**Q** 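Provided herewith is a single structure, encoded as structure tokens, for subsequent inquiry.
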Amino acid sequence: MPPPDFLLRYFRKVLAGACAMICTRLTLTRWLFGLLAAYVAAAALLIAMPHARAQSLDAALAHFTEDSFDDTDQGIQAVVASGSPRASAIIQALSDGRLAYDGDKKKIYIKTDAQVLDAETGQPVTPAPDNLDTVRLNNRLRQAVAAALGGLTLMSPDRAARLSAAQAVFKSRDEKVLPVVEAALAKEADAGIKTILAQTRAAILLGSDEATEPQKVEAVAAIAARGDQDALRILNDISADAPPAVTKAAQSAIKSIQNQLALWSAVQNAWYGLSLGSVLLLAAIGLAITFGVMGVINMAHGEMVMIGAYVTFAVQEMIRAYNPGLFDYSLAIALPLAFLVSALVGILIERTVIRFLYGRPLETLLATWGISLILQQAVRSLFGPTNREVGNPSWMSGAFELGGITITYNRLWIVVFTIAVFVALLGMLRFTRLGLEVRAVTQNRAMAASMGIRTARIDALTFGLGSGIAGIAGVALSQIDNVSPNLGQGYIIDSFMVVVFGGVGNLWGTLVGALTLGIANKFLEPYAGAVLAKIAILVFIILFIQKKPRGMFALKGRAVEA
Amino acid sequence: MITAAFVRSLDRGGMIFLIVLAAFAFAVPFFNLAFPPGSPLHLPTYLVALFGKYVCYALLALSIDLVWGYCGILSLGHGAFFALGGYAMGMYLMRQIGARGVYANPVLPDFMVFLNWKELPFFWYGFQSFPYALLMIVLVPGVLAFVFGWFAFRSRVTGVYLSIITQAMTYALLLAFFRNDFGFGGNNGLTDFKDILGFNVQAQGTRAALFVLSCVALAAGFLLCRAIVSSKFGKVLVAIRDAESRTRFLGYRVENYKLFVWTFSACMAGVAGALYVPQVGIINPSEFAPANSIEAVIWVAVGGRGTLTGAVLGAFLVNYAKTFFTSGMLAPYWLFVLGALFVGTTLLLPRGIVGTLSHWRIARTERKTAAAAEDSVAWAVPRAAE
């Protein structure tokens, strides 16, 4: 059985993404690619289009000296048709705005950073001519250039170059490149590229007046197989006076594509919801622990998240200053540091303030609010009130497409990271001595104390643990949110909602709470807008608490009432 | 009989408070109006507005103290009731602008013209009438509080959970009022007021009158709260605060008591907001911010919860400190001070200023009585031993 189509498409997109990244970052590489592609493309074109030799490169280049868009257009076609090994380099230079002409001598040059090359021979010209004008492009010509470049690189031996060329040609759908596409299609061995080329051919045929009716019906089927917005656009563009068989096929194809897209948008909402839910979970999980054990709502919890984010910022600044090569590891370095700093601040708060307020949860709430104000202002004094820039390491930037949805790497990593933190915490509570004691204190403080557990110590450690987790949440959130002194404030109310919704003393409750709220929020958003969705969620929680005053997964037993 | 209840409820502290408030209500407009600007005895008009603002805050603090200090309901959303009262007043003031707005539309407020609205939304009907606006000032916060409390108290949501959902309530309102299509001016809120009952809101005399009115409202609120907490009803409230389950077991319908005092408190907060808006000249969604509501709670804590005079005193002190700090070069340190107030009050002064003072007094009297009793006991014991 062949691998499913979306998997193939996914790998293709990943490769294309990687290639595009290299190309944009390294001009030199692109230059080399271009040269390489040019030689091979020329060779292939010589075989594919024998008549192309008729025009010489010299004559083709002459078109560029006229400084008129129409002539330039003819020039582009002529250069492509010339089959010269220089064609690719010339078109590439034109596309980059490096192609220049000398109006008097009627000569064409390619400007590079250091020198000026003769476009025809590729040899440096000394002394460099000084009265050069750049060959100008307009939007129409830019399309033609893109198509021409695509056509030229369709024969490249490099798979990634061919792939991006095929995609470029598909985007432009220029009728003039049809022969090139067909030639490339005949030679292409790679199934993925072949599909794109076939779709390109189909798209061109659909728009062409010369294609026959069966050809067009076949083309509709080929396009429909693509199943994305591009396909929808192409099918919608089919003129109404097309043969009835074609329009009928197009209509049913449009319908099935729309169904498919609706399905994908549901999947996309689910993914966004999962992503939001994991962010909420990350922010709330530490709160759930401290609330569960001490019955204390720590209003300064958001500030622990903020501290984690600022630790990340500080670490990145150090790395930038002393060892830029380590930048990709900055998050890994920041994680333990953020945990430590936040945990220490948390333990300090517990030892100096909260432990004097046990049994008075409302006062604790006020005192921790005060602490949050102090922490915010402290950070504002230290780092300034504006947003600080925290960079994404390379492995967290970019995105890939999975079927019909785009997944950014930072979101993906945050989901993965959240799962890891959750599992680690669950394991810690389940299998370690500290976890056992924490659970005992959560369930029945007096009984746990009678059994010899030093509850005061457990309180301090739990508070440190909860704060530390908030700190590493801050590391993750620094990747998707603005790092400012107000960072914590943005999460604190949402985190409360998750905790009171999920129930206290039960991590699974927090998990279900966070994911439910995240997904519900994202599914409401398309209908109600972001703000109304949030309001709806808040109202829902207020009503939900009436029904279940202790959350979804409340602890049972007499101890809870105390 | 009602007068008797008021008089009976007044202890010495209450009398002192009312006398000070009356003196304040007289002195501020007097020094503002009787002396021309430039005279050393003249009180600038901006200070009148500032003090008026404090008085409104004091009324808000009183309403929070009633539910928190006497009934144990820590509301982190009282700012919502305050702001709703303020919006009701703001809507009246907006309608009074009439055709004097930038777009000179006789009916629609400027922001609606700007948003290209063709007619007044139904919830703006009637606000051109002052009595209707007055009704809404009390009714809107009252109804919201009643509905909210009806659900919350019946299902016995208490403690931290209740605090959190009150916060969620005000947060939801904050988000809603920020929306332009909600019909309350969005981000900018309501401002550029011209007249109140035909008087120019900017005028010196109007400001003085508003100030006196605020003081009267504060005194009335104080007397009402005093009457409530010193009645039998008030004793039940305190019982609920100290041991809710026991009170319920004794046969009291706890949720009804809570619902009444909660709704009453919300109405008071609404009145405070309504008096606040014409003196400040603007109402916008930031009044709904949860941080504002929590800040109001700290006024009560500083002054002393469970003491009505303490709530008022706390509101004055904290807000004066805020003005002092945020208006000078000390501005960056205000949040440190406020944060330290939260921490310090809860740790070191849990009874607040007034609470601690009266606690000392009671302790001293008790010591005296105890000493006196001991004397008599010391005198009595040997005889008993004989």
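Keep in mind that what you see is a predicted model, and the values were worked out from it rather than measured. Below, chains carry the letters A, B, ... as their sequence lines are ordered, and counting in each starts from 1.
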**Q** For the residue pair A/Tyr310 and A/Phe383, does the interplanar ring angle fall in the parallel (under 30°), tilted (30 to 60°) or perpendicular (over 60°) class?
**A**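 It falls in the tilted class, 30° to 60°.
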**Q** With a cut-off of 6.0 Å (strictly less than), are more than 12 heavy atoms of other residues, nucleotides or ligands near CZ of B/Phe151?
**A**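 Result for CZ/B/Phe151: open.
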**Q** How are the rings of A/Phe544 and A/Phe540 set to each other: parallel, tilted or perpendicular (split at 30° and 60°)?
**A**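 Answer is tilted, since the angle falls between 30° and 60°.
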**Q** Would you mind telling me which of B/Leu173, B/Leu341, B/Leu335 has the largest number of heavy-atom pairs within less than 4.5 Å of chain A?
**A**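 It is B/Leu335.
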**Q** Highest number of heavy-atom pairs under 4.5 Å with chain B: which of A/Leu543, A/Leu532, A/Ile541?
**A**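 Option with the top pair count is A/Leu532.
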**Q** If you count heavy-atom pairs within less than 4.5 Å of chain A, which of B/Ser155, B/Ser245, B/Pro350, B/Ala172 leads?
**A** B/Ser155
**Q** For A/Thr364, is it the side chain, the backbone, both or neither that has a heavy atom under 4.5 Å from a heavy atom of chain B?
**A** neither
**Q** Chain A heavy atoms under 4.5 Å from B/Trp68: which part of the residue, side chain, backbone, both or neither?
**A**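 Interface part for B/Trp68: side chain.
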**Q** Could you tell me how the ring of B/Trp334 sits relative to the ring of B/Phe325: parallel (under 30°), tilted (30 to 60°) or perpendicular (over 60°)?
**A**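 Taking B/Phe325 first and then B/Trp334, their aromatic rings sit tilted (interplane angle of 30° to 60°).
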**Q** Please look at A/Ile493 and chain B and tell me whether the side chain, the backbone, both or neither of the residue comes under 4.5 angstrom of a heavy atom of that chain.
**A** side chain
**Q** Which one wins on heavy-atom pair count under 4.5 Å against chain A: B/Ala301, B/Pro290, B/Pro332, B/Ala340?
**A** B/Pro332
**Q** Can A/Arg445 be said to sit on top of A/Tyr358's aromatic six-ring, NZ or CZ under 6.0 Å from centre and within 45° of the ring axis?
**A**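 Yes, a cation-pi geometry.
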**Q** Under 4.5 Å heavy-atom distance to chain A, tell me which part of B/Thr166 shows up: side chain, backbone, both or neither.
**A**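 Answer is neither: B/Thr166 stays 4.5 Å or more from chain A.
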**Q** Quick one: what part of A/Ile371 sits under 4.5 Å from any heavy atom of chain B, side chain, backbone, both or neither?
**A**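 Both the backbone and the side chain of A/Ile371 come within 4.5 Å of chain B.
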**Q** Tell me whether the rings of B/Phe177 and B/Tyr87 are parallel (<30°), tilted (30 to 60°) or perpendicular (>60°).
**A**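 Tilted: the ring planes of B/Phe177 and B/Tyr87 meet at 30° to 60°.
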**Q** Is the shortest side-chain N to carboxylate O distance from B/Lys322 to B/Glu295 below 4.0 Å?
**A**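 Salt bridge flag = yes for B/Glu295 with B/Lys322.
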**Q** So for B/Val160, is it side chain, backbone, both, or neither that comes closer than 4.5 Å to the heavy atoms of chain A?
**A**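 Answer is both: backbone and side chain atoms of B/Val160 are under 4.5 Å from chain A.
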**Q** Check whether B/Leu162 gets within reach of chain A through its side chain, its backbone, both or neither, counting any heavy atom under 4.5 Å.
**A** neither
**Q** So for atom CH2, which belongs to B/Trp150, do other residues, nucleotides or ligands contribute more than 12 heavy atoms lying within a distance under 6.0 Å?
**A** no
**Q** What part of A/Leu366 gets within 4.5 angstrom of chain B, counting heavy atoms only: side chain, backbone, both, or neither?
**A**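 Interface part for A/Leu366: both.
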**Q** Using the salt bridge (Lys or Arg N to Asp or Glu O under 4.0 Å) rule, take B/Glu255 and B/Arg253 through it: C-alpha gap first, then chi angles, then the decisive distance, then the call.
**A** CA-CA 6 Å; B/Glu255 53 275 5; B/Arg253 295 293 297 268; 3.4 Å; yes
**Q** Under 4.5 Å from any heavy atom of chain B, what part of A/Ala378 do you find: side chain, backbone, both or neither?
**A**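 Both parts, heavy atoms under 4.5 Å.
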